[in-house]
A.B. asks: 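Let me give you the structure first, and then I'll get to my questions.
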Amino acid sequence: MPSTINGIGTHYYGKKNNSTRTDACKSCGKVSVLESYDTRLWFVIVFIPVIPLGRKRIMDKCPRCTRHYALDLHKYEQARQLQISSALERFRREQSPEAVLEAHGQLLAFLENDQAAQFRATALEKYPAHAPLRAQLAAQLEHAASYAESSKLYEAALKQDPELPEARVGVARRRMVEGELDEARRLLGFLEVPGAGQLHAIGPLDVLSGYFQKAGRHDDALALATVLLREIPAAGHQHAFRSFVRRSEKALGRFESILPPGEHSLRGLFRSEDSPYPPWLRKLVIGVGAVALLVAGLLINNEYIRRHRSINVVNACGQPVRIQVDNQPPVEFSGNGLLSVSEGRHHIRMTGAVEQALDVDLQAGFFQRWSSKPLWVLSPGGEAVLQESTVIYAENPQPGSQRLLVGQPFVALAHVDYPFEQPPHQLKLDSKGQQVTKTAFQWIQGLDNEAFLQAYATDTAGAIAFAERRLLRDPNNRKLFDSYLSHTLPQQAKHVEELLKTGLNRRPVAVRWHRAYQAVVEMNGHQHELVPYYDSLLKSEPESGALIYLRGRIDTDWQKKREYYQKTIKADPKLSWPWMGIGAQCAAEARWSESLINFKKARELGADPEYVQDGLHVAGLATGGAEGLAAEYQGRLAASAMDFAAVPLLTDALIASGHPERAERAINDWAVHLDQSIRPILTAMMHATALYQSGKLAECVESCRQNPQLNGNVYRLQALLALGRSQEAIKDPAFEKLWVGPWIALSASLGLSLDGKKVEAAQWLERGCSNLATLSSDFRRMAQLLRSDKPPTVESISQISMDAENRALVFALLAGRFPEKKSEYDTAAARFNISRKFPYQLVQRALGRLKPASP
Amino acid sequence: MTRRKFDELVERIEARYAGRPAALERATARWVSLGLAGITVWVGLLLLLGVTFFAAGIVVEPPGSLFLLGLGVVLIISGVLQAGVFLLVNLELPNGRPLKSTEAPALWQVLDSLRSELQCRPLGGVYISMDFNAGVREIPRLGLFGWPRTFLEIGLPLCVAVAPDELRAILAHEFGHLSERHARSGGRIYRINRTWSEVFERMQKPATSSLDRRARWATRKFIEWYWPRLHARAFVLSRAQEYQADRLAAALAGGAVMASALWRLECLTPWLSERFWPELYREATDVPEPPAILVRMRSAFQVEPAPADAARWTARGLARATGNDDTHPSLRDRVSSLGIDVEQMGRTGFPVPVVVSAADVFMGSDLRSIEQDLTAEWQKNNGAAWRDRYRRAATEARRAVLSDMPKPEEPALKLASTLWESARETADLRGLAIAEPLLREVLGHDPAHGGASVLLGYYLLTIGDPAGETLLLQVVERADQAWVGQAYKMLQDHYRLSGATERLGELRARHDRYEADLTKSQLERSRIEPRDAFVHHGLTHDQLVPLRRVLGVDNACAEAWLVRKTLVHFPERPLFVLCVRCKAQGWGFDKVDRHNSLTRRLVPLVELPGTVLVISPVDHYRRLARKVMAVADAEVFRAGEFDPESPGRPSPSASESLLPP
């Protein structure tokens, strides 16, 4: 049958040579007017006929179910002509009643009803007294549903031969329809004689008995049923017949049945026809069997699912882990994989890269086994970064949520739509307003630091545990290491020390790890243990450049420190650390040219740019290399717009070289390369920085105030302090979190001091010193010097490691506290106040080089 | 498989397993198993697929599991239902009246003695029927799973016709089948037959899909290959088993007695079919109720047939050859295998009626009640048919008196047709002997009348007149489709009964060729295409007159061409193609419709001595029409050149136009 989808497909168009007949549809079984006609089949697009696919003869199209036969029109036409012609030719040749019937039958079969009527009339003229021929023609017409015509012929045949069985049956059928049941029974009387079933089809008696029953004449119905039972004893075992007889017997109130005892046979259940069982029982048995089988299958399926659960193993250790579940043999996993277990409690033991034991419980409800996709994830050591996310699909979807799971060795989720796979970008929804939420679960690799930072906000302990495990696995993960230290110090210094201690013996010596260790030990106040410890290490490894360097950097003697660095260079010329140390010493003494040379050497040897960047910048500016630095920073930004650290350095260099207008342009040029999502905030931040650097402090304050995200910015704070609005600054709650930084607190002290708030300035000085004292021994010493009632020497300040701008701040503070040495301190402050990084403008104000704004 | 090939196959099997009945039985059992395997494979495939999907549904997670489980359940249920329908074949009990254990003690005694002598299992029941035969059947209680019950069916006419020792020999023969478990293999073959019949029955229903059609095609191909091969083996096996049972019976009852029983059956069988039953049913034309059949039969058995009939039937019995249409070997072969000279036995002539029949001896006083029951049953079963014959005879008599009797002034064809109706009814009601003059009259008017030739030919063969063979061979020669099948069958029976095995083989081969040609002819005649070859129509001027009249009357017809398709098979039944062209009219946009309309008008009117296809040179038939028109002298009509009133001559205007200026 032709069909279309959204107007595309095949379709009939046109209708010729129609003919209809009333008969039962062979598909739906309903009696209706069946139509036959010629048409053409088309390939259609939007129901417009495009390509003709051939002419068809549609046969017996049912108006109810539209089912029909479709024949090739030309083949049909040829077959029609040839078969009819052949039958008519046989009739002309033989002139026999058999030939009449064949030709008539062919004409009716091809629905040539008019031609059949003409032919019939001609044939009957040839055989005017042939009753059987009339009856058989009538039977053909009856088969072709021409009931009126067939009735006439039956009547005529009966008139010619009142005993002709075919005619009697044919007329009896008419009488039944007309309600003349007695007349019908009289005509069918020959079927009631014993043995009639051996000669004739006694179906008409069955039909007549049905008419009797419908008319309420149950006696007659039962009488005929008795005849039927006598002629066809097997009918007594057919359900349809038995129920028919029982209905009449019940209506008559008969207790004795004419039916034989019922038989039960297995085979009867398999037969749809002549079954001893009612159709509903047969269907019920089959249906119950099918349902039982299906239910059994579902139960087995449920049990199979229960017994064959999978634990997804995500081994992020980088080394194989052997996992043993209960008493089963251990399985080794190097990456991710699956462990097949049944639901329930299990003891999992992990060995190898991770030594861990867990008791896990895998549970799912009976129906949830079909409706949900639970996920169980085993992450040895909790080292895998796992992300659970929800994705919302809608016409205008809201952003989904994401959750990073770190440090959890076992994760159980009730349902995950896309486990360890990317959810699709699009999903077809049923309606326009529908919204579908799906869950996904993934293993995020190579983003340890980001995972730590994200998880720290929600699960601090878990995040720290995760970071420690990852750092123990990979101590060279610099970003994570720095993030870890910055988030744990100084609050958890003791804990961090313990962790770091575990990595001290690792070889080759991880200098960064040792430096952190040294810092944490100092933070914890037992730095006196460091020198003996490193001496002992050096004793066992006297040629280790790294150990010599590390020993040197904790020496309190400025000169000895230099000597150690020199020894380090000799022991290991490729080590960048001693060059950096010497560069820092030079910078502390304002020997900028030497500092620049050493920092450059350190950079050549592969020192971390982050460590040498400030030293190079300050030394470069101090030695008049601002133009060169600007060019260098522009090159860095051209290579990577995401090198955010280069932007304030570039603007500093441009302003220092006397081109503040280029700073603004440089920021704008850089901003165009940024992603839209981060561009506004980063651009605003850099503009605020540039405004501070160029001394446009009021504009800087205003710029930050207008942007809520920059309201608590440190540049705004520094600008306020430099503008003489220290009271406003210290009272602004937006800056609350900044006061933890000792240099910020000391800046506030300087600002208050310059604004004449001596008492408050002293309080903030103490606050800054307190904060400093928690950081390192150098800073503790610095705090002591700042608290001291005696003015410290410039040299003593110089022998404490710190950034140039902080050193300038210290000298500015000392100048305020000890007016008798103000000139000396101011000179020192001016030597170190080079980079326009805060608190540059505040120090400039202290030095009298900046006019404070009126309050 | 053709008859010829089937015969050759039977010969090959006989040669291969000669003297190795056990091997033959094993081979047949293997073929039966193959047939069963065909069904089992289909059902098994369904079940296997069902179980596979079901198992897949168990291990797959939802929602796929539900779909797979559902599919699996549907296939499994379907497989189980089909297994139930195909494999749980219900075997019917034997016909007849059950013989009670209290009845006919002498018969039971004989049966018990034979059973114990041949070490057979106890009988599940004995049925007395109206057949002139005896037989055993095994019916398994558990269908395919076996546990058979054995039933013995004994025909009372047989018991009445034979002597007690002859019946004992016949029963010993049947117990011989039981003893050697022949009935079991027969039952297996019967069951496989029923199973495949069930498949056939289902294949008669319209196909529901292309997959269904392919499955039916594959099934049909398998059956076409398998069925003759199984039957050939079953055939040879049955014959071998008959010999085996004969030998066992001869050992128990004596070879001479067994041979005597076979001889009596051989002679009485044609007597019954050609004499007793026709004469009995002839009575139905005068008597409205059926007679007491067994009384009539008993007395008829006591009357010796006419010497000529007796000589013909004995000669036929001795001459009958073993054919491949009957599982029982010929009398000659069976008696010879018992070591008895069949010629000498033939010289004893038609068996003398028994003085005391086996029925009298073995059934004793119970015979009367058994006879009454069977007679009543026979009368009940045949009463309607008897009365119908009586009615038809009366109708025929009335028709003869009233109107439909042939009138000499009618055309010969019509006359023959009317006479044939009467002859056929007479033959059916009163027998061929009385219908003979009518049949000859039919042939007098229409010598090629197929029906009359066949009936008369058959009658002449039964009375030993060789002219019957000539008549039947003429029907075969003419390939009269309505009657040729019967003619072949009658000739084959005749050749087998007369022992003309060579002519039988030739005729069977000819029958094969005819059927093959008929199939090809049906295909050849079912379509006409441009690639077919066409020749001149070959009709005379007079034969074309009616056609030209029809064409001339239709004003739309401009030209017509008539050709005949070149046929390879049965070219004597011509197939014409008539191509008609419409007169040009208007712009010609409706040319196709006008041509189609013309052909539809002409189709019922055109009458030619053969099948005809009417086409027009437009639309689909363009290429075919070009080819038709290209045939030399194919043009049979041109408007204006033929006068519809006098189509035999050119119209005046056309004549004028044809005249030279």
Side-chain angles (χ1 to χ4, degrees), chain A residues 17 26 55 73-75 77-79 81-82 84-86 88-89 92-98 112 114-115 118-119 126-131 161 163-165 190-191 193-200 265-267 269-271 286 289-290 293-294 297-298 300-301 304-305 308 369-371 373, chain B residues 54 57-63 65-66 69-70 72-74 76-77 80-81 83-85 88 90 143 206 379-388 391 394-395 399 402-404 413-414 416-417 420-421 451 482 525-528 575 600 603-604 606-614 620-621:
Chain A
N17 301 322
K26 288 194 168 52
R55 296 178 71 184
L73 179 65
H74 302 295
K75 286 181 182 170
E77 182 62 22
Q78 201 177 88
Q81 276 201 47
L82 291 174
I84 290 176
S85 174
S86 173
L88 289 172
E89 193 271 333
R92 287 194 296 272
R93 184 160 36 88
E94 291 185 8
Q95 297 280 321
S96 65
E98 290 82 3
E112 297 292 331
D114 294 340
Q115 198 181 347
Q118 284 179 14
F119 175 77
K126 286 182 188 291
Y127 298 96
H130 204 300
D161 185 354
E163 299 299 320
L164 186 69
F190 71 99
L191 292 178
V193 300
Q198 304 283 330
L199 185 68
H200 305 290
S265 78
L266 181 63
R267 194 165 182 277
L269 282 176
F270 291 101
R271 294 192 68 91
I286 294 170
L293 207 55
L294 190 62
L298 286 170
I300 299 170
N301 173 249
Y304 183 89
I305 293 170
H308 294 83
R369 290 191 190 114
W370 291 315
S371 58
K373 285 165 72 177
Chain B
F54 193 81
I58 284 171
V59 299
V60 167
E61 286 190 10
S65 62
L66 194 61
L69 283 171
V73 167
V74 168
I76 289 170
I77 293 287
V80 169
L81 287 176
V85 170
L88 293 179
N90 194 17
Q379 284 176 327
K380 192 191 91 174
N381 290 340
N382 293 274
W386 188 276
R387 280 185 285 276
D388 189 59
R391 178 194 63 76
T395 306
R399 199 155 64 98
L402 293 171
S403 58
D404 264 10
L413 204 60
K414 174 76 190 302
S417 173
W420 163 242
E421 286 291 303
R525 288 168 178 279
S526 66
R527 55 176 178 242
I528 298 175
L575 177 55
R600 287 191 74 83
V603 163
V606 172
E607 291 184 2
L608 290 170
T611 307
V612 59
L613 173 72
V614 183
H620 179 71
Y621 286 117

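Within every chain, numbering begins at 1; the chains are lettered A, B, ... in the order of the sequence lines, protein sequences first and strands thereafter.
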A.B. asks: Is Gln78(A) reaching over with its side chain to a backbone N or O of Ile528(B), donor-acceptor style, under 3.5 angstrom?
C.D. replies: yes
A.B. asks: Taking every heavy-atom pair that is under 4.5 Å apart, which of Pro609(B), Gly383(B), Pro604(B) has the most such pairs with chain A?
C.D. replies: Pro604(B)
A.B. asks: Roughly how far, to the nearest 0.5 Å, is the CD1 atom of Ile58(B) from the NE2 atom of His308(A)?
C.D. replies: 11.5 Å
A.B. asks: Locate the shortest heavy-atom distance separating Gly610(B) from Ser85(A); write the atom from each residue and the value.
C.D. replies: O-OG, 4.0 Å
A.B. asks: At a 4.5 Å cut-off on heavy atoms, which part of Ile77(B) comes close to chain A: side chain, backbone, both, or neither?
C.D. replies: side chain
A.B. asks: Using non-hydrogen atoms only, which part of Glu98(A) is less than 4.5 Å away from chain B: side chain, backbone, both, or neither?
C.D. replies: side chain
A.B. asks: In terms of heavy-atom pairs under 4.5 Å, which option from Gly289(A), Ala79(A), Ser371(A), Pro97(A) contacts chain B the most?
C.D. replies: Pro97(A)
A.B. asks: Measure across Ala196(A) and Ala384(B) and return the closest heavy-atom pair with its distance rounded to 0.1 Å.
C.D. replies: CA-CB, 3.3 Å
A.B. asks: Will you find, in the side chains of His620(B) and Glu77(A), an N or O donor that is under 3.5 Å from an N or O acceptor?
C.D. replies: no
A.B. asks: Which distance, rounded to the nearest 0.5 Å, do you find between the CG of Leu608(B) and the CZ of Arg92(A)?
C.D. replies: 7.5 Å
A.B. asks: Treating Asn301(A) as the side-chain partner and Val60(B) as the backbone partner, does any N or O pair qualify as donor plus acceptor under 3.5 Å?
C.D. replies: yes
A.B. asks: Let me know if Arg369(A) has heavy atoms under 4.5 Å from chain B in its side chain, its backbone, both or neither.
C.D. replies: backbone
A.B. asks: Find the one option among Ile84(A), Leu73(A), Leu164(A) whose heavy-atom pairs under 4.5 Å with chain B are most numerous.
C.D. replies: Leu164(A)
A.B. asks: How long is the straight-line distance from CD of Glu421(B) back to OH of Tyr127(A), given to the nearest 0.5 Å?
C.D. replies: 6.5 Å
A.B. asks: If you compare all heavy atoms of Leu575(B) against all heavy atoms of Leu82(A), which two are closest, and at what distance to 0.1 Å?
C.D. replies: CD1-CD2, 3.6 Å
A.B. asks: Kindly compute the distance separating CZ (Arg600(B)) from CD (Glu112(A)), expressed to the nearest 0.5 Å.
C.D. replies: 5.5 Å
A.B. asks: Given 3.5 Å as the limit, does a donor-acceptor pair link the side chain of Gln81(A) with the main chain of Val614(B), or not?
C.D. replies: yes
A.B. asks: As an exercise: rank Glu607(B), Arg525(B), Glu61(B) by heavy-atom pairs under 4.5 Å with chain A and give me the winner.
C.D. replies: Glu607(B)
A.B. asks: If I measure from the heavy atoms of chain B, does Gln115(A) come under 4.5 Å with its side chain, its backbone, both, or neither?
C.D. replies: side chain
A.B. asks: Looking at Leu294(A), Asp114(A), Leu199(A), which one has more heavy-atom pairs under 4.5 Å with chain B than the rest?
C.D. replies: Leu199(A)
A.B. asks: Out of curiosity, Leu69(B) CG to Leu293(A) CG, how far, rounded to the nearest 0.5 Å?
C.D. replies: 8.5 Å
A.B. asks: What part of Ile305(A) lies closer than 4.5 angstrom to a heavy atom of chain B: side chain, backbone, both or neither?
C.D. replies: side chain
